[in-house]
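All remarks here apply to the structure that follows.
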Amino acid sequence: MAKRRGSSGDLSRPLFWAVLAHVALILLLTVGIDLWKDEPARPAGQPIEAEVIDPAALDAARERIDAAEKARAEADRARQAKLEEEQRRIEELQRQREREQERAQAAAEQRQQEEAAAAKAVEQAQREREAAQQAAQAKQQAQAEARAAAEKAAAAKAAAEKIAAEKAAVQKAAADKAAADAKQQADAIAAKQAAEQKLQQEQAAKAAAQKAAAEKAAAEKAAAQKAAADKAAAQQAAAAKAAADKAAADKAAAQAAAAKAAADQAAAAQAAAGAAEQANQINGFVAAIQRQVQARWRKPLNWPPGLRCELRVKLLPSGEVIGAQAVACGDDPAFVESVEQAVMAASPLRVPTDIRLFNEHFRNFIFEFKADAV
């Protein structure tokens with residue numbers, strides 16, 4: 001500003017002296033011509049001497065006067081044109097100086113806007129770094145919980161496999177015992193049949209002639225008994241095979257059930273890890289919003305400690321606040337108004353870029369402001 005005032009003063013001083021010089025010249029010419037035209041006053045009381053005036057001389061004098069007046073008029077017009085030209089030049093310089101001042105002011109405003117934008121960018125970068133640190137901590141915690149859940153699921157799977165193996169061993173032992181019992185029973189029946197057949201043969205040898213019919217009946221009876229024994233042995237073998245098949249089927253079913261239980265546990269652990277990670281993300285954004293609002297909150301005078309305020313906040317996906325209304329803030333109007341103003345002043349708020357997460361938890365949510373946290 002001092003430089004501009006100095007430039008204006010440098011321009012105005014030559015203009016002032018130029019105008020003053022022109023005015024002095026005009027006055028000098030005007031007064032000189034008037035003095036030359038006026039006749040000298042004669043002293044009072046002297047006799048008047050008559051002089052014959054030559055008309056040609058008079059015409060010549062008039063022509064000289066007309067030429068002088070014409071020259072003066074042309075000089076006046078030239079001076080006027082020069083003054084007007086000088087005035088136009090001064091006005092052009094003034095307009096140019098005003099344009100330079102406007103450009104300088106615009107450049108200053110541009111610099112202020114750029115500095116404000118740079119400060120805002122630094123603040124935004126700081127918030128993003130804090131959010132990234134919190135997200136990394138939440139991710140590490142979720143990974144630890146996921147590893148613990150996976151280890152627990154692996155332990156459960158190993159226990160289920162051990163139980164299934166023990167059950168299969170018990171079932172195999174039962175099947176082996178059933179097969180041994182069936183074989184022992186068949187051997188006993190076969191031995192009994194052999195003893196009876198031997199006895200019958202001895203009796204038949206002693207009374208072959210007398211008891212031919214009895215021998216025939218005995219042979220038929222022995223054949224029937226043998227068929228019965230064979231049938232019983234076949235039934236025992238089928239029962240043993242059925243028991244073994246059932247034991248294998250039970251083992252396969254137990255293994256399938258154990259695998260399904262392990263898969264269900266792994267899926268549950270993965271779902272729990274995802275829910276924990278989402279909860280950590282939501283808590284991180286809520287904490288960031290709490291810090292933003294606290295930074296904008298202006299405490300009313302004589303406010304009591306322990307105050308809390310629940311507000312229904314409506315947001316756009318960009319974080320812009322379009323509505324903040326207290327729903328449970330106590331009976332202090334000044335405190336309620338200060339919290340509502342802080343929420344509006346903190347806009348835009350820090351919200352997730354995931355539109356599904358934003359719509360589910362932040363588009364229209366209840367925000368709890370804690371005054372003691374400040």
Side-chain angles (χ1 to χ4, degrees), residues 112-154 265-299 303 305-324 326-327 329 335 338-374:
Q112 291 177 356
Q113 292 176 359
E114 291 175 353
E115 291 174 356
K120 188 175 181 181
V122 170
E123 183 180 358
Q124 179 68 18
Q126 181 65 25
R127 289 198 298 267
E128 290 178 355
R129 284 196 296 272
E130 293 176 356
Q133 292 176 356
Q134 294 176 356
Q137 294 175 357
K139 184 177 181 180
Q140 291 177 356
Q141 183 178 359
Q143 289 176 350
E145 293 177 354
R147 285 195 298 269
E151 292 174 356
K152 185 176 180 182
Q265 289 179 354
Q270 186 176 3
E277 184 176 1
Q278 180 173 328
N280 289 331
Q281 290 180 356
I282 294 172
N283 292 334
F285 284 111
V286 171
I289 293 174
Q290 177 75 22
R291 290 193 297 271
Q292 285 183 265
V293 175
Q294 286 173 350
R296 296 289 184 174
W297 183 51
R298 299 295 178 265
K299 296 187 294 185
W303 64 281
L307 292 180
R308 295 191 176 192
C309 183
E310 291 185 359
L311 304 96
R312 180 171 296 280
V313 181
K314 296 181 180 180
L315 301 177
L316 295 176
S318 61
E320 296 291 336
V321 180
I322 59 176
V327 295
C329 286
F335 175 68
S338 68
V339 175
E340 290 178 347
Q341 291 178 352
V343 173
M344 297 301 295
S347 178
L349 300 179
R350 179 75 173 167
V351 295
T353 56
D354 186 351
I355 191 63
R356 181 188 61 79
L357 188 63
F358 170 78
N359 289 333
E360 290 179 358
H361 299 281
F362 291 96
R363 182 176 290 277
N364 186 357
F365 74 107
I366 298 299
F367 168 65
E368 182 180 5
F369 176 77
K370 301 175 182 179
D372 290 341
V374 179

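Model, not experiment: these values are computed from the prediction.
The minimum heavy-atom distance between F369 and Q294, with the atom names listed, is CE1-CG, 3.7 Å. Nearest heavy-atom pair, E145 versus A276, reported as atom, atom and distance to 0.1 Å: OE1-CB, 3.5 Å. Across S347 and E320, no two heavy atoms sit closer than the pair OG-OE1, 3.0 Å. When every heavy atom of Q290 is checked against every heavy atom of F367, the shortest pair comes out as OE1-CZ, 3.3 Å. Residues R296 and A345 approach most closely at NE-O, 3.6 Å, considering heavy atoms. In plain terms, the two heavy atoms of V351 and P317 that are nearest each other are CG2-O, 3.6 Å.
R129 and Q126 form a side-chain donor-acceptor contact under 3.5 Å, judged by distance and modelled atom types alone.
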Worksheet entry | side-chain contact (heavy atoms from CB on, under 4.5 Å) between I289 and V343, worked out | CA-CA 9 Å; I289 293 174; V343 173; over 6 Å; no
Item to complete: Report the C-alpha separation of L315 and V321 in whole Å, then their side-chain angles, then the decisive distance to 0.1 Å, and conclude whether the side-chain contact (heavy atoms from CB on, under 4.5 Å) test is met.
Response: CA-CA 5 Å; L315 301 177; V321 180; 3.5 Å; yes
Item to complete: Starting from the C-alpha separation in whole Å, work towards a yes-or-no answer on side-chain contact (heavy atoms from CB on, under 4.5 Å) for R350 and E130.
Response: CA-CA 12 Å; R350 179 75 173 167; E130 293 176 356; over 6 Å; no
Practice prompt. Would you check, one step at a time, whether the test side-chain contact (heavy atoms from CB on, under 4.5 Å) holds for M344 with Q341?
Written response: CA-CA 5 Å; M344 297 301 295; Q341 291 178 352; 5.8 Å; no
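Comment: E151 does not engage R147 in a salt bridge, judged by the lack of any side-chain N to carboxylate O separation of less than 4.0 angstrom.
In R291, the CZ atom is crowded: over 12 heavy atoms of neighbouring residues, nucleotides or ligands sit closer than 6.0 Å.
A donor-acceptor contact shorter than 3.5 Å is absent between the side chain of E310 and the backbone of I366. With E340 contributing its side chain and A326 its backbone, the two residues share a donor-acceptor pair below 3.5 Å.
F365 is linked by a ring pair (Phe, Tyr, Trp, His ring centres under 6.0 Å) to F362, counting only residues two or more places apart in sequence or in another chain.
Note that the CG atom of N283 and the CD atom of Q278 stand 10.5 Å from one another [nearest 0.5 Å]. A distance of 10.5 Å separates CG of N280 from CD of Q134, quoted to the nearest 0.5 Å.
Using a 4.5 Å heavy-atom cutoff, the side chains of R363 and I355 are in contact.
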